[in-house]
Amino acid sequence: MGFLVIIFTITLTSVLYYQFEYSFTTQDSILDAHENYYYSQMVSNWGSPPDTNHVLKEIENLHMWCGIFRKDKDASGGTQPGERYWSNLPNDIIVKEVIFNSSSIYFEELHEIEIPLLVYYAETKRNFMPVTIVDNGEYLFYIVIDYIPPSEINNLIFAFILSILFIVGLYFFIHRYLKPVQLMKNRIEALEAGDLKSKIEIIGEDELADLSYSMNQLIMDINILLENKHQLLLEVSHELRSPLARMQLLIAMMPEHKNLTKLKEEVEFLEGMIGNLLFSDRLSLPYSKLDLQKFSTQDIIGKVMDMFPTNRDRVKIDNNIPDKQVYIDETKFSLALRNLLDNAFKYSKPQDNADIKLTIVKNDGIEFQVKDSGIGISKADINKITQPFFQANQTVSTKGFGLGLTICKKIIESHKGRLSISSEPEEGSLFILHLPKI
Ligand code: ADP
């Protein structure tokens, strides 16, 4: 891993360096460096005549064209050919300044060379090419440098290819490096979908491998915790249900009493609450499956209304499609509908007669609509009421946990349907369980 990082850092640095070198090195600084170089070369090879070929070659290697001209100081006019790029000395050379002479200690110290010569800086008249004139007492040497800047387009292509290579390399590097992250992401998605069993493949031995290992461990712990919780809930609710069943039996056998209805309601409430708690837990489990069977809407309504012996008169049933068959998990779907009716009773005034409407219609699937004229729900709360444990009307003294609608939504969505809610504060609410067309 570290090795790969080093390789890519080096590559990146080289590419950047290359780019900077070509983009920002000015002609002047290149010339300065090269001038330096050929002065020292010339001076070290100084002879009579000097080995200009060698100097020329070196300068050419540095992407420069150079012409060296020699002029016999005593000869009256005319130039003599050099060994290579020799032509007539341009006669339009203007001497600008003396760059240094043998007493130029500064230059000699700077470049660690000894120059027993006079050197002038000159320029050609026509195109201002830099010319260096070296005077060794016997000869004058005119050194004309024509700087050929490297072609911009070639540089660009080269930089482009390098960048592409770099990006491709980086892509593979990141891809390889981030693979564990991708695996973890997949694992989290699988976890969301309810997979508590599978494990993340551990790649390598770096920090990400440690993280993957910890995640596996964490998921295993969560799994154990969830199973324990589920087991506990099952046992507790079983323990609670047995005495409840006995209570219901005893109530049924009790003689008429003014508090009998109240007692029945309380027992029903307890029963409903235990059912909801259990269901909320069971529905969150990945392996909760639907037991889908055919039922007529008539049967469903009959079953659900039986759950409300005391409140059933408050419900006006409008079953437009009594014989229509639907595929549902009877227990779960009944619970969803029961929760909606339960809420309709809880959140509207009990004295109203037939104030709650249960309508079953065919509408691109089947809809079970529960409409009340109760307290309604504010706009701000309407999106939150299906969240677990959310209770909107805290001021209203009602019993509940804020789980009823959560379960309702889970149930209808597991049937591939949806729950829609519309409400007007102080006017009432409409809850629709929409079963899809089969
Ligand atoms: P609970 O009724 O146990 O509080 P629910 O999940 O069934 O939990 O409902 C969540 C919240 O939504 C309730 O606390 C209530 O504020 C609001 N609510 C649900 N149904 C209705 C309704 N028919 N009318 C007004 N408010 C409702």
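Predicted model only: the values in this text are computed from it and were never measured. Note that ligands are numbered from 1 as they come in the structure, with each ligand's atoms numbered from 1 the same way.
No side-chain donor-acceptor contact under 3.5 Å links H415 to the backbone of G417. A donor-acceptor pair under 3.5 Å is absent between the side-chain atoms of D381 and the main chain of K384, judged by distance alone. One N or O on the side chain of S423 and one on the backbone of G428 form a donor-acceptor pair closer than 3.5 Å.
Less than 4.0 angstrom separates some heavy atom of F390 from each of these atoms of ligand 1: 10 (C), 11 (C). In summary, the atoms of ligand 1 found under 4.0 Å from a heavy atom of I377, numbered by their order in the structure, are 25 (C), 26 (N), 27 (C). Atoms of ligand 1 lying under 4.0 Å from at least one heavy atom of D372, given by number and element, are 22 (C), 23 (N). Atom numbering of ligand 1 starts at 1 in the shown order; those under 4.0 Å from a heavy atom of K346 are 1 (P), 2 (O), 3 (O). Numbered from 1 in the order shown, with element, the atoms of ligand 1 that lie under 4.0 Å from a heavy atom of L403 read 6 (O), 8 (O).
A side-chain N or O of N186 and one of Q182 form a donor-acceptor pair less than 3.5 Å apart. In this model, no donor atom of one side chain and acceptor atom of the other lie less than 3.5 Å apart for E227 and Q231.
Ranked by closest heavy atom to atom 7 (O) of ligand 1, the top entry among T386, I356, V370, N343 is N343.
Between Q391 and ligand 1, a contact under 3.5 Å exists for at least one N or O pair. Between G402 and ligand 1, at least one N/O pair is under 3.5 Å apart. In terms of polar-atom proximity, defined here as any N/O pair under 3.5 Å, A392 does make such a contact with ligand 1. Of the N or O atoms in I375, none lie within a sub-3.5 Å distance of an N or O in ligand 1.
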So F333 and F295, ring pair (Phe, Tyr, Trp, His ring centres under 6.0 Å) or not? Walk me through it. CA-CA 11 Å; F333 190 81; F295 287 93; 9.6 Å; no
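Under 4.0 angstrom from ligand 1, the non-hydrogen atoms of L405 come from both its backbone and its side chain. Contacts between F431 and ligand 1 below 4.0 angstrom, taking non-hydrogen atoms only, involve the side chain exclusively. Contacts between L340 and ligand 1, counted as non-hydrogen atom pairs separated by less than 4.0 Å, are absent for every part of the residue.
The shell of residues lying under 4.0 angstrom from ligand 1, judged by heavy atoms, excludes N339. For the pair G374 and ligand 1, no heavy-atom separation below 4.0 Å is found.
Atom CD of Q248 sits about 10.0 Å away from atom CZ of R241, to the nearest 0.5 Å.
Closest of all the heavy-atom pairs between G374 and D372 is N-OD1, 2.9 Å.
Classification of K264 and E268 as a salt-bridged pair fails, no side-chain N sitting under 4.0 Å from a carboxylate O. With salt bridges taken as basic N to acidic carboxylate O contacts below 4.0 Å, none links K294 and E330.
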